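All remarks here apply to the structure that follows.
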Protein chains: 2
Amino acid sequence: MIDAQTLLFAKAIADDTRHEIMTHLCCVWLSVSDIVEKLDGRVNQPTVSHHLKKLEEVALVQVRQEGRNRFYTLNQERVTVCCGRLLVQFAPDYVSNVVPISQIAPAK
Amino acid sequence: MIDAQTLLFAKAIADDTRHEIMTHLCCVWLSVSDIVEKLDGRVNQPTVSHHLKKLEEVALVQVRQEGRNRFYTLNQERVTVCCGRLLVQFAPDYVSNVVPISQIAPAK
DNA sequence: TCATTATATCGATACGCATCAATATGTCAA
DNA sequence: TTGACATATTGATGCGTATCGATATAATGA
């Protein structure tokens, strides 16, 4: 209601299969069939495509087309921003005690 | 799958009404009927109790009984811990650039 | 004890959405 | 063009769960 963005983020990560997909997409680029393979027969290709679409809608994954393949990777920056919003909304007493290194370590 | 805790947290915050309840419970203690009142007729008492139970199950709220009233408040520390886990899992390249103030400011 | 207030629980209903099989779209090679 | 491969879309189905009205439980005051 107050912050639709945060709610959409929460819904996007509130699914078992999407969690697993996000884990596999962390720090690497994978094609759809790669992901299907990683999931090891537990879900099949249309379901994976469905979840990737959901993740893409909230910008939690980045996409790169290459020939007939589409490669996906986790958008870590987006995760960081969304978690930041969660903290500001629901942990204001704690968030003030955490700062980025860049603010305290002089770049020399 | 990998981290059941994180998934439960995500599911708990993936609801419109619960978001609103959590917002109202941030930094203050409210009774159930207080919350019902704040929600302004949009949901009624049994539904609010249902959501509070869900939030309590994942320790996102703290409870204090007082007479025939039960007062709830948001557990900000839990939110912080859960967001931290999210960041470690899904934003490892970013989390290393943030530190608690306590680690860098010498307590004098 | 009884009435009143506060909250929790129960049973039923409806809706959202994850999943699948089948099919469509798109891309490349021959 | 045709055939093979990769991915997306569609339509149907089933499950989880948010919601409600009704009722139960619990605590207080008369």
Side-chain angles (χ1 to χ4, degrees), chain A residues 1-2 4 6-25 28-74, chain B residues 1-2 4 6-25 28-74:
Chain A
M1 202 89 281
I2 307 290
T6 304
L7 185 61
L8 289 176
F9 169 68
K11 289 193 177 184
I13 64 172
D15 178 84
D16 197 356
T17 305
R18 279 198 290 275
H19 254 225
E20 219 171 332
I21 291 175
M22 289 171 70
T23 300
H24 285 123
L25 288 180
V28 294
W29 290 83
L30 293 181
S31 70
V32 178
S33 48
D34 287 340
I35 301 169
V36 173
E37 197 172 341
K38 294 256 180 192
L39 292 178
D40 211 38
R42 236 164 307 140
V43 291
N44 52 12
Q45 179 265 316
T47 302
V48 171
S49 282
H50 167 254
H51 286 306
L52 289 170
K53 190 179 180 184
K54 292 239 156 186
L55 291 173
E56 194 180 351
E57 281 169 1
V58 292
L60 278 174
V61 292
Q62 291 171 309
V63 198
R64 173 164 52 89
Q65 183 100 26
E66 203 159 295
R68 41 189 166 188
N69 294 328
R70 277 170 80 86
F71 290 93
Y72 290 85
T73 194
L74 185 61
Chain B
M1 199 91 284
I2 306 290
T6 304
L7 185 60
L8 289 175
F9 168 68
K11 289 192 177 185
I13 65 172
D15 179 84
D16 197 357
T17 304
R18 280 198 290 274
H19 254 225
E20 218 171 332
I21 292 175
M22 288 171 70
T23 300
H24 285 123
L25 288 180
V28 293
W29 291 84
L30 294 181
S31 70
V32 177
S33 47
D34 287 339
I35 300 169
V36 172
E37 196 173 341
K38 294 253 180 195
L39 292 178
D40 211 40
R42 235 164 307 139
V43 290
N44 52 11
Q45 180 265 318
T47 302
V48 171
S49 282
H50 167 254
H51 286 305
L52 288 170
K53 189 179 179 184
K54 292 240 156 184
L55 292 172
E56 194 181 351
E57 282 168 1
V58 292
L60 279 173
V61 292
Q62 292 171 310
V63 198
R64 173 166 52 88
Q65 184 99 27
E66 203 158 295
R68 40 188 166 187
N69 294 328
R70 277 169 80 85
F71 290 94
Y72 290 85
T73 194
L74 185 61

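In what follows, chains carry the letters A, B, and so on, assigned in the order in which the sequence lines appear, proteins first and then strands, with residues in each chain numbered from 1. Both backbone and side-chain heavy atoms feed into the values below; hydrogens, waters and symmetry mates do not. Everything quoted here is computed from the prediction, not taken from an experiment.
- Proximity of A:Tyr72 to the phosphate of D:dA8: a side-chain N or O atom is located under 4.0 Å from OP1 or OP2.
- Put simply, CZ on A:Arg64 is 16 Å from C1' on D:dT7, counting in whole angstrom units.
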Let me check something: any side-chain donor-acceptor pairs from residues 43-60 of chain A under 3.5 Å, sequence neighbours excluded? List them with distances.
unit_1: A:Gln45; atom_1: NE2; unit_2: A:Ser49; atom_2: OG; d: 3.2
unit_1: A:His51; atom_1: ND1; unit_2: A:Arg18; atom_2: NH1; d: 3.1

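- Partners of B:Arg64 according to the side chain to side chain donor-acceptor pair (under 3.5 Å) rule, which considers only residues two or more places apart in sequence or in another chain, are B:Glu66.
- Evaluation of the side chain to side chain donor-acceptor pair (under 3.5 Å) rule for B:Thr73 yields no partner, not counting sequence neighbours.
- In this structure, OG1 in A:Thr6 is found 8.5 Å from CD1 in B:Ile13, a value given to the nearest 0.5 Å.
- By the side chain to side chain donor-acceptor pair (under 3.5 Å) test, B:Asp15 is found to be paired with no residue, residues two or more places apart in sequence or in another chain being considered.
- Between A:His24 and A:Asp34, every side-chain heavy-atom pair lies at or beyond the 4.5 Å cut-off.
- Here A:Arg70 does not reach the OP1 or OP2 of D:dA6: none of its side-chain N or O atoms lies under 4.0 Å away.
- Between atom CG of residue B:Leu25 and atom NZ of residue B:Lys38 there is a gap of 10.0 Å, rounded to the nearest 0.5 Å.
- Of all non-hydrogen atoms in A:Val32 and A:Tyr72, the two that sit nearest each other are CG2-CE1, 3.7 Å.
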Any chance you could list the contact pattern along nucleotides 24-30 of chain C? Use B for base contacts, S for sugar-phosphate-only contacts and - for none, protein heavy atoms under 4.0 Å, 5' to 3'. ---BB--

Which parts of nucleotides 9-20 of chain C does protein reach within less than 4.0 Å, heavy atoms only, written one letter per nucleotide 5' to 3' as B for base, S for sugar-phosphate only and - for none? B--------SBB

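- Rounding to the nearest 0.5 angstrom, the gap separating the CD1 atom in B:Ile35 from the CZ atom in B:Arg70 is 11.0 Å.
- Between A:Phe71 atom CZ and D:dA8 atom P the separation is 12 Å, expressed in whole Å.
- Atom-to-atom, CG of A:Leu30 to P of D:dT7 comes out at 11 Å; the value is rounded to the nearest Å.
- Across the protein-nucleic acid pair, B:Trp29 atom CH2 and C:dA6 atom P stand 19 Å apart, rounded to whole Å.
- Following rounding to the nearest Å, A:Asp34 (CG) and D:dA6 (C1') show an atom-to-atom distance of 11 Å.
- Rounded to an integer number of Å, the gap from B:Leu39 CG to D:dT19 C1' is 13 Å.
- B:Glu56 places its CD atom 13 Å from the P atom of C:dT7, with the value rounded to the nearest Å.
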